[in-house]
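One structure is given here, and the rest of the page talks about it.
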Amino acid sequence: MLKSFFPWFGLDIGGTLVKLVYFEPKDITAEEEEEEVESLKSIRKYLTSNVAYGSTGIRDVHLELKDLTLCGRKGNLHFIRFPTHDMPAFIQMGRDKNFSSLHTVFCATGGGAYKFEQDFLTIGDLQLCKLDELDCLVKGILYIDSVGFNGRSQCYYFENPADSEKCQKLPFDLKNPYPLLLVNIGSGVSILAVYSKDNYKRVTGTSLGGGTFFGLCCLLTGCTTFEEALEMASRGDSTKVDKLVRDIYGGDYERFGLPGWAVASSFGNMMSKEKREAVSKEDLARATLITITNNIGSIARMCALNENINQVVFVGNFLRINTIAMRLLAYALDYWSKGQLKALFSEHEGYFGAVGALLELLKIP
């Protein structure tokens, strides 16, 4: 049976960001258009004719997937994000645009699907269908990888990640995805071992994730946005903040194969008053980024070894516009595994949970 009710949304309400995917049908018949209620037209026009919503909502136009067929309908898939603290305004907008008159079920995943469930009901008169975030994540990444990215590859890797001049972003064909280690870096981090589309488990995680990076940067530098924190990090020198192996050994620690440039103690130089006075806010931002990223890379490598998996896919909004972290993960995994592990990345990095929620919506009878 074709799903004829619209709108089709998938929602992932995270600790920091809300991710929304919206399917815009492009094959509406004259009969359907005639029967279409005003509120549905209004929602479609509002979402597709704007690239920003209020002061914080963004439609990632560059990620739009064109000419998709979903449940027998042709259309485009749009990707929208806004901060979780603006969730009340989103629910109010749903009320103002009379969402509840269109269909009663809204598929949502992430912790916020539980946290905001009552608000959806009492303010927006909307019933939430709550979905497990890891189920949605796996379904979303496998689906998006299968449809590609408007004729291009969804998955990619970095060649020569440590060399700024030679570093290249290259497509990767994930035709044999299993087994796969999936590292989802949002506010915190979850690591999943995926053996097939129906067989996966959460191996471990860490509370030190994207939220930690941004939170510490706000404290240390006074920055107010994730973009500002990354921009500061791009201009900083973490070696002024961190204590390296060479600071302790005067060079490499050869017996155990530790190079002099490796970090021995993150923020270790900040014990010295003299060195504290010499660092800039940019140096602190860079050191925070390197600390969090190295820790995630180290845990991912240990999980890959334990699970005997050599393909590691890093996803999540921590990686959005964050080339420094991606190149560091790529280099660290390759270096410490002596070329056995490959770090892979995905163009729609933070939206897989929302895509999984949309796919579940289309299953609902």
Side-chain angles (χ1 to χ4, degrees), residues 12 14-19 51-52 55-63 79-86 156-158 160-165 167-169 183-190 206-242 263 266-267 270 279-300 313-333 343-352:
D12 178 5
T16 308
L17 278 180
V18 177
K19 287 75 66 178
V51 294
S55 58
T56 56
I58 302 283
R59 178 158 63 93
D60 283 316
V61 182
H62 65 289
L63 293 179
F79 298 84
I80 296 162
R81 58 185 157 86
F82 58 91
T84 305
H85 61 67
D86 285 337
Y156 63 92
Y157 70 101
F158 288 97
N160 303 312
D163 188 326
S164 293
E165 287 177 13
C167 180
Q168 276 184 293
K169 176 183 165 181
V183 183
N184 188 29
I185 315 172
S187 304
V189 183
S190 275
T206 171
S207 60
L208 307 181
T212 318
F213 162 68
F214 182 34
L216 285 174
C217 276
C218 290
L219 282 171
L220 293 169
T221 72
C223 70
T224 56
T225 67
F226 182 70
E227 289 79 3
E228 190 186 353
L230 285 180
E231 201 276 325
M232 289 176 92
S234 72
R235 291 184 279 119
D237 178 358
S238 58
T239 64
K240 292 180 178 175
V241 179
D242 296 336
V263 178
S266 299
F267 283 76
M270 296 300 89
V279 297
S280 67
K281 287 182 174 181
E282 288 78 7
D283 297 336
L284 291 168
R286 179 69 164 231
T288 306
L289 183 58
I290 300 297
T291 298
I292 298 299
T293 306
N294 273 340
N295 185 57
I296 294 166
S298 176
I299 294 169
V313 180
F314 292 92
V315 298
N317 268 303
F318 172 66
L319 300 174
R320 186 177 62 79
I321 63 166
N322 195 351
T323 312
I324 297 171
M326 288 190 282
R327 284 176 52 188
L328 180 57
L329 286 167
Y331 177 72
L333 244 63
L344 304 171
F345 305 93
S346 207
E347 299 286 359
H348 287 80
E349 61 248 321
Y351 283 105
F352 298 118

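Just so it is clear, the values below take in all heavy atoms, side chains as well, and ignore hydrogens, waters and symmetry mates.
Remark: K169 engages E347 in a salt bridge, criterion side-chain N to carboxylate O under 4.0 Å. Salt-bridge annotation for R235 and E231: present, with a side-chain N of the basic residue lying under 4.0 Å from a carboxylate O of the acidic one. By the 4.0 Å N-to-carboxylate-O rule, K19 lies too far from E349 to be salt-bridged with it.
A 4.5 Å side-chain heavy-atom check between C217 and M232 finds every atom pair outside the cut-off. D242 has its side chain within reach of F267: a pair of non-hydrogen atoms, C-beta onward, lies under 4.5 Å apart. Side chains of S280 and K240 form no contact here, defined as non-hydrogen atoms less than 4.5 Å apart. Counting heavy atoms from C-beta outward, N184 and F352 have side chains that stay 4.5 Å or more apart. Side-chain atoms of V241 and M270, non-hydrogen and from C-beta on, do get closer than 4.5 Å to each other. The closest side-chain heavy-atom distance from F214 to F318 is not below 4.5 Å. Looking only at side-chain heavy atoms (C-beta outward), I324 and L289 come within less than 4.5 Å of each other.
To the nearest 0.5 Å, the span separating CG on N317 from CG on D12 amounts to 9.0 Å. Rounded to the nearest 0.5 Å, atoms CE (M326) and CG (L328) are 11.5 Å apart. Here CG of L17 is found 6.5 Å from CZ of R320. Values are rounded to the nearest 0.5 Å. Note that the CD1 atom of I299 and the CG atom of L208 stand 7.0 Å from one another [nearest 0.5 Å]. To the nearest 0.5 Å, atom CZ of residue F314 and atom OG1 of residue T293 are 9.5 Å apart. With rounding to the nearest 0.5 angstrom, the OH atom of Y351 is 6.5 Å from the CG atom of L63.
For the pair G57 and F82, the tightest heavy-atom approach, listed with the atom from each and the gap, is CA-CB, 3.8 Å. Taking every heavy atom of both residues into account, F158 and C167 meet most closely at CD2-SG, 3.8 Å. Considering every non-hydrogen atom in both E228 and T224, the closest pair reads OE1-N, 3.0 Å.
Judged by distance alone, with hydrogens and angles left aside, the side-chain atoms of N160 form no donor-acceptor pair with the main-chain N or O of D163 at under 3.5 Å. Not one N or O on the side chain of R286 forms a donor-acceptor pair closer than 3.5 Å with the backbone of S238. Side-chain N or O atoms of T84 include one that pairs as donor or acceptor with a backbone N or O of G14 at under 3.5 Å. Distance alone, capped at 3.5 Å, is enough to place a donor-acceptor pair between the D283 side chain and the D237 backbone. Panel note: side chain T212, backbone G209; a donor-acceptor pair is recorded below 3.5 Å.
Of the residues listed (L319, L344, N294), the one engaging L329 in a side-chain contact (heavy atoms from CB on, under 4.5 Å) is L319, and it is the only one.
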Worksheet item: S298 and N295: side-chain hydrogen bond (donor to acceptor under 3.5 Å, both in side chains), yes or no, with the steps?
Response: CA-CA 5 Å; S298 176; N295 185 57; 5.7 Å; no
